[in-house]
Amino acid sequence: MSTHAARLAALRAELATRGLSGFVVPLTDEHMSEYVGAYAQRLAWLTGFEGSAGSAVVLPEQAAIFVDGRYTLQVREQVSADHWAYVGVPQTSIADWLRAHAPAGARIGYDPWLHTAGWVREARAALAAKGAELVPVVPNPIDAVWADRPAPSPAPLAPYPAERAGRGAAEKRAELAEWLSARGADALVLTALDSIAWAFNLRGADVAHTPVALAYAILRADGTADLFVAPEKLTPEVREHLGNAVRLHPRAGFAAALGELKGQRVAVDPERAVAAIFDALEAAGATILAERDPVVLAKACKNPVEIAGHRAASARDGAAVARFLRWVEASAPQGQLTELDCAAQLLAFRQESGLLRDTSFDTISATGPHGAIPHYRVDAASNARLEPGQLYLVDSGGQYADGTTDITRVIPVTEPSAEHRDRFTRVLKGHIALATAIFPAGTTGGQLDAFARRPLWEVGLDYAHGTGHGVGAYLSVHEGPQRIAMPNYPGGGPSEPLRPGMIISNEPGYYQAGDFGIRIENLVLVEERATPGGAMLGFETLTFCPIERRLIDPALLSAEERAWIDAYHARVLAVLAPLMTGDDLAWLEAKCAPLDGDDRS
């Protein structure tokens, strides 16, 4: 029996001892995080799936894993079809699947610390229609059979100075207190790790690639706060930074503290706070105000200090990626490079600055068919050589104390085909259309998404992911509420109006299963634009690194598009040249030269 088959069998045995007919396994933690610490990687441990979005359901005779279109290929590579059915979302929700497959009288377990109250209501209603029951289960049954489950990270907290944050923590919390007072509320429960990091000007190292710490917080209308965090994380420097207005408690004391809010009006985010929190507040007799976490929007609109920090980080990062692309271009045709070699070398170039704190996500180093898996993650088993005729895609980013970066580039290993150039140029045209968009205040990313898709749609092509996600300021590389995605694509749903100061990615793509993948990603800043008709909004590109000219077919470009590429490359040269020397600089100058009609150099 394989390792994952044995784990599935062990879970089923544990469920039977608890009188359960099944169990739902999400890929999240108690904070509804996208990226979670090793201790919370229950879905990966059980199934082998290593994507960043998914969930599973286990029944006595059936099991299903749910992923969106970004992971259609990846889930089949990592999860055995002998034991798991593959289910696509949003086409089929967990509630839909349970309604169809759970037997009458079934008792389906869920961990109330890993699901929202909205999800619980939906799943409970679906099961009730079958005469089945949704049952809260604590402690989590996977933890009972995961013998070597890692402990939560003990890493200490660190203050994030106002000189980098642009605002002091006391000032931020005073504004949150005003927000509470305006709603006649007594307290705000913060559960999102990046919200807590922002509100208290703290950073941590409890989650790979994201500088946050495991914590909860309750902010009060009088400007004070209660922070629940493991005591070993609190250095003298952190205690001094937080000051007397922040009361400190062990993280394990959070649930009990909720029970002390009887009679109070408590604001809680229904999308970011788990069902167990709502259950505890209701049991305590608190009045719950279902409000979006006010930090979400405040954090998304970067202040001038954060924007300046990002510019510095982006220039530093762009120079490292440019040096890497030159290295791949020179080394790959010899036929010895592998995807892991490339990921390691890119990390080495980033580390040379001495300022890299971490990568902002696992580098997607993907050649040939692996490039067609949008969130591919190379490991020893999948590691492939870069072969002549393939396209090599690298999507990566860095965490620096002054900013978080995310960039995708594609280069041909040797000479690209006509199809490669056509598809790449159409993706580039979509990228340019979005980069140059001018739009009124109140426009959402969902309304702009089609700008990036039109050149592909014109020839019957598309891509199965959103076009843009928000990015934090030395925080999460995927940050809401801003996004560029249509409702029926992963990352879609209700869309937030874009506001000045938001940083968001521009990353259309194209994927040909079994052959190649293309994605061109820069980060952009929403900014105000003056037009003859009045004030509008537009995007300023923040990411600077050459776009591979050998993959561009100038015949497909309009004069305006060619002018944008030339202007972009002139800016790349201006930003990166001071950071590069010798052969690297000569390569950069060649890559940033103006296009001509038949340029393929």
Side-chain angles (χ1 to χ4, degrees), residues 160-161 163-166 209 211 302-329 345-361 363 394-409 411 431 435 468 470-477 479 501-507 520-527 538-549 564-593:
Y160 193 60
E163 302 83 66
R164 291 202 186 279
H209 312 301
K302 309 299 185 285
N303 61 51
V305 172
E306 291 172 319
I307 293 169
H310 182 90
R311 293 188 200 282
S314 186
R316 186 185 313 127
D317 199 66
V321 176
R323 293 176 61 208
F324 167 74
L325 293 176
R326 173 181 173 263
W327 176 82
V328 174
E329 183 178 298
Q345 186 60 55
L346 177 53
L347 177 61
F349 280 127
R350 281 193 165 107
Q351 288 173 328
E352 285 183 13
S353 72
L355 297 173
L356 183 73
R357 300 290 182 85
D358 195 355
T359 53
S360 56
F361 55 96
T363 295
V394 58
D395 184 349
S396 67
Q399 288 284 12
Y400 303 90
D402 48 1
T404 300
T405 69
D406 186 2
I407 175 174
T408 307
R409 290 295 185 265
I411 62 173
H431 181 98
V471 175
Y474 187 42
L475 276 174
S476 176
V477 74
E479 177 183 87
M502 288 180 168
I503 294 177
I504 195 164
S505 65
N506 172 3
E507 51 178 312
I520 303 171
E521 178 183 17
N522 287 339
L523 300 186
V524 297
L525 173 71
V526 182
E527 62 175 1
F539 295 121
E540 176 194 346
T541 295
L542 297 173
T543 303
F544 294 104
C545 188
I547 296 171
E548 179 51 56
R549 60 199 297 121
W564 183 93
I565 295 168
D566 287 345
Y568 174 72
H569 278 146
R571 182 66 178 147
V572 169
L573 186 60
V575 170
L576 300 190
L579 304 176
M580 301 175 72
T581 59
D583 291 342
D584 289 333
L585 179 58
W587 176 91
L588 181 71
E589 290 169 342
K591 290 295 181 182
C592 292

Subject >> Side-chain (Thr404) to main-chain (Val477) donor-acceptor, under 3.5 angstrom >> reply: no

Original post:
Got a donor-acceptor contact below 3.5 angstrom from the Arg323 side chain to the Phe349 backbone?
Top reply: no

Original post:
Any idea which heavy atoms bring Ala322 and Leu576 closest together, and the distance?
Top reply: CB-CD1, 4.1 Å

Subject >> Minimum side-chain heavy-atom gap Glu540-Arg311 below 4.5 Å >> reply: yes

Subject >> Shortest non-hydrogen separation from Asp395 to Glu521 and the atoms involved >> reply: OD1-OE1, 3.2 Å

Original post:
Strictly by modelled atom types, are Ser360 and Gln399 linked by a side-chain donor-acceptor pair under 3.5 Å?
Top reply: no

Subject >> Non-hydrogen atoms of Gly472 and Glu479 that approach each other most closely >> reply: CA-OE2, 3.2 Å

Original post:
Under 3.5 Å, is there a donor-acceptor pair between the side chain of Arg350 and the main chain of Ala320?
Top reply: no

Original post:
Any side-chain heavy-atom pair from Glu329 and Lys591 closer than 4.5 angstrom?
Top reply: yes

Original post:
Has the side chain of Glu306 got a donor or acceptor atom that lies under 3.5 Å from a matching backbone atom of Asn303?
Top reply: yes

Subject >> For Leu588, the option from Asp583, Val572, Leu325 that meets side chain to side chain contact (heavy atoms under 4.5 Å, CB included) >> reply: Val572

Original post:
Can a cation-pi geometry be assigned to Arg164 and Tyr474, taking NZ or CZ under 6.0 Å from the six-membered ring centre and within 45° of the ring axis?
Top reply: no

Subject >> Heavy-atom pair with the smallest gap, counting every atom of Thr541 and Ala435 >> reply: OG1-CB, 4.4 Å

Subject >> Which atom of Gly166 lies closest to which atom of Val305, heavy atoms considered >> reply: CA-CB, 3.6 Å

Original post:
Got a second to check how far Ile565's CD1 is from Cys592's SG, nearest 0.5 Å?
Top reply: 12.0 Å

Subject >> Lys302 side chain near Val471 side chain, heavy-atom distance below 4.5 Å >> reply: no

Original post:
Within the side chain of His209, is there an N or O that forms a donor-acceptor pair under 3.5 Å with the backbone of Thr359?
Top reply: yes

Subject >> Asn506 side chain vs Asn522 backbone, donor-acceptor pair below 3.5 Å >> reply: no

Original post:
Just by distance, do the side chain of Tyr400 and the backbone of Ser314 share a donor-acceptor pair under 3.5 Å?
Top reply: no

**OP:** For Ala315 and Leu579, work out which heavy atoms get closest and say how close.
**Re:** O-CD1, 3.5 Å

Subject >> Nearest-0.5 Å distance, CG of residue Leu356 to OG1 of residue Thr405 >> reply: 8.0 Å

Subject >> Thr543 side chain vs Ile407 backbone, donor-acceptor pair below 3.5 Å >> reply: no

